[in-house]
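Below you'll find the structure I mean.
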Amino acid sequence: MPDQDDRHTDTGKQTGTQTGTEDIVTTDKTEGAVPAIEFRDVVKRFGDNVVLDGLNFSVAQGDRVTLIGPSGSGKTTILRLLMTLEESNGGLILIDGVPYTHEYRGEKWVEIPEKRRRVVRNRVGMVFQQFNLFPNMTVLENIIEAPVHVLKKSKAEAITRAEELLEQVGMSEKRDFKTNQLSGGQQQRVAIARALAMDPEILLLDEVTSALDPEIVADVLGVLREIAETTDITMLLVTHEMQFAREVSNRVLMFDHGQIVEEADPETMFTNPTHERTKEFLKAVLAH
Amino acid sequence: MNDSIWDWDTAWDVLPDLLEGLKITVIATVVGMVIAAILGLIIALVRRSGSRFITVPVRFVVDFIRMTPLLVQLVFAALLLVPALPPLAVGCGVLGIHYATYMSEVYRAGIDAVPKGQWEAATALNLPRGRTWVAVVLPQAIRNTLPGLGNYAISMFKETPFLFAIFVVEMFAAAQRYGANSFSYIEPLTMVGLLFLAVSYPTSLLVRRMEKRLA
């Protein structure tokens, strides 16, 4: 990967010369706070297709950030990079200021071994568009699997927590059902409970309502709204539900061709966007 | 001797021998299938995750076994490779290894059929690699392979007469032996056919039902 070597090497803890990073970090948090998520010059290519070309942005602790933009603009890729479902081709991704997938050692950009990645990955959870529940397990088993085998909780403790979460997402009575006996909306609520069971500091929501029937979308959004109100989990969401984005998030980033073209609080973004590209996009989306 | 084509006395007379042979046939199939199921999975896993230094030789051996006849392998093993072992043990082993090479393909397909999202969910939950295989991927993959396993079991069951060549007295050999002693082949051989049918047909129905249910 030839372009990695000429990436910046001045990537200590200080943001230094990175443009835009500083003012984003300090938008609404105190000076010097370590951002929950930080992208530094992140590059991602799929073959010849450059999806992210030196992306910089950061998300403060407890922020709820919505990524909007046309499909192919790199939003989902950002979530997948954070979950290590994709490997970046350059730059750094930091969680709580700690390099997560790669680091610079001397002049060289090296991959961080799986063992160290696992430590950081524990802080990040993800809910997928297609739910991705494990069909060979019951609802409860889906939720306690990782707490028992990753967090090393006792089974009893994991079950107690799982039952709380099932209550919270309104799925208590389906506790012992197989996942294929559930509707899409129910599966997604279980998937949310499963992600929360790991007590993530950061929750990634990747178009979580896109595969659902319209009448069910509200249920799932209701669950997420409650989580947003009752926890201080940092959330990064990709969604086409603009109303939801407006209610839940405190920052909206508009993406196009792997670049942030506009960034604002939801109110400004949705009522008074400045960038031409954002106006077009919002007009197209809200026309539905 | 009598002059009718079918003699019921002969049929009754040979039946105990054939049932004894059927027992051997079933044992060979069951043991062979257990070996094939386990070894096939191991081959599939090794071929998937090993380095080239492992996958290339394994692939060569697998191809070699698949491209040579079972009968030749049986005789070769019984006479030259492990002549000290009892013929039935050799037979089970060879059947098992032979079919393991086919089962490995079934497993491979079964593993590939597990959606990518399952792996991704496991990563998102930070499940260790081993746990992902044991708790998430293999249960689903093996479910996918059950019909294939059933079909190969039937196929193996029907190939057990080859054990005749290494002096295992399964059903076919029992019939041959009876025929050689009494000069009546019609009843024993017909009944061998019927007994094979009596076992494999219901099994095949079961497999078909399984296929439908898992589809």
Side-chain angles (χ1 to χ4, degrees), chain A residues 76 79-87 101 114-137 141-152 158 178-180 187-188 190-200 202-206 211, chain B residues 37-38 40-42 44-46 48-52 54-55 103 106-150 206-207 209-215:
Chain A
T76 291
L79 301 194
R80 293 176 60 81
L81 284 167
L82 276 167
M83 205 64 256
T84 64
L85 302 175
E86 306 285 353
E87 289 292 321
T101 61
E114 175 68 10
K115 210 174 154 187
R116 274 174 56 205
R117 283 184 181 197
R118 291 181 54 80
V119 177
V120 183
R121 200 192 279 131
N122 257 348
R123 303 181 198 166
V124 187
M126 183 161 180
V127 182
F128 298 87
Q129 184 178 353
Q130 296 295 340
F131 334 130
N132 295 345
L133 293 178
F134 303 134
N136 55 313
M137 300 180 192
E141 286 166 348
N142 261 282
I143 299 176
I144 65 171
E145 172 66 27
V148 169
H149 291 277
V150 180
L151 303 181
K152 306 292 175 198
K178 285 275 178 180
T179 58
N180 56 15
Q187 290 195 43
Q188 194 60 297
V190 173
I192 292 166
R194 181 174 72 172
L196 291 176
M198 292 296 282
D199 294 318
I202 297 166
L203 187 61
L204 310 172
L205 303 166
D206 185 16
Chain B
I38 295 168
L41 180 59
I42 294 170
L45 292 178
V46 165
R48 197 186 164 88
S49 49
S51 74
R52 281 184 74 97
I54 305 168
T55 54
M103 276 307 298
V106 178
Y107 282 119
R108 193 183 58 80
I111 292 166
D112 287 350
V114 174
K116 213 172 123 226
Q118 294 291 304
W119 291 94
E120 295 184 345
T123 302
L125 291 170
N126 214 3
L127 288 180
R129 195 96 182 137
R131 186 67 199 167
T132 302
W133 274 103
V134 171
V136 178
V137 175
L138 284 182
Q140 296 180 54
I142 286 171
R143 197 182 130 95
N144 296 339
T145 64
L146 286 179
L149 196 99
L206 215 78
V207 171
R209 234 178 84 183
M210 199 154 66
E211 266 168 352
K212 262 201 206 116
R213 267 193 47 198
L214 296 183

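Below, chain A is the first sequence line, B the second, and so on; all start at residue 1.
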So, do A/R80 and B/E120 sit near enough that their side-chain heavy atoms are less than 4.5 Å apart?
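When only atoms from C-beta onward are counted, B/E120 and A/R80 do touch, with a gap below 4.5 Å.
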Measure the CE-CG distance between A/M83 and B/N126 for me, rounded to the nearest 0.5 Å.
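The distance works out to 6.5 Å.
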Interface check, chain B: of A/R118, A/M126, A/R121, most non-hydrogen pairs under 4.5 Å belong to A/R118
Might you point out which heavy atoms bring B/L125 and A/V150 nearest each other, and give the distance in Å?
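Scanning both residues, the minimum pair turns out to be O-CG2, 3.5 Å.
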Between A/N136 (side chain only) and B/Q140 (backbone N and O only), is there a donor and an acceptor less than 3.5 Å apart?
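Flag not set: sc A/N136 to bb B/Q140 has no pair under 3.5 Å.
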Would you call B/R131 and A/E145 a side-chain contact if the rule is heavy atoms closer than 4.5 Å?
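SC-SC contact between B/R131 and A/E145 confirmed.
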Interface moiety of A/M198 toward chain B, non-hydrogen atoms closer than 4.5 Å:
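Interface part for A/M198: side chain.
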Atom of A/P135, atom of B/Q118 and distance for their closest heavy-atom approach
CD-OE1, 3.4 Å
Answer yes or no: does atom CZ of B/R129 have more than 12 heavy-atom neighbours from other residues, nucleotides or ligands under 6.0 Å?
no
Non-hydrogen atoms of chain B under 4.5 Å away: do they reach the side chain of A/F134, the backbone, both or neither?
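Both backbone and side chain of A/F134 come within 4.5 Å of chain B.
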Considering all heavy atoms, the nearest A/R194-B/A121 contact:
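Smallest interatomic distance, heavy atoms only, reads NH2-CB, 3.5 Å.
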Which portion of A/L133 sits near chain B, non-hydrogen atoms under 4.5 angstrom:
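For A/L133, backbone heavy atoms alone lie under 4.5 Å from chain B.
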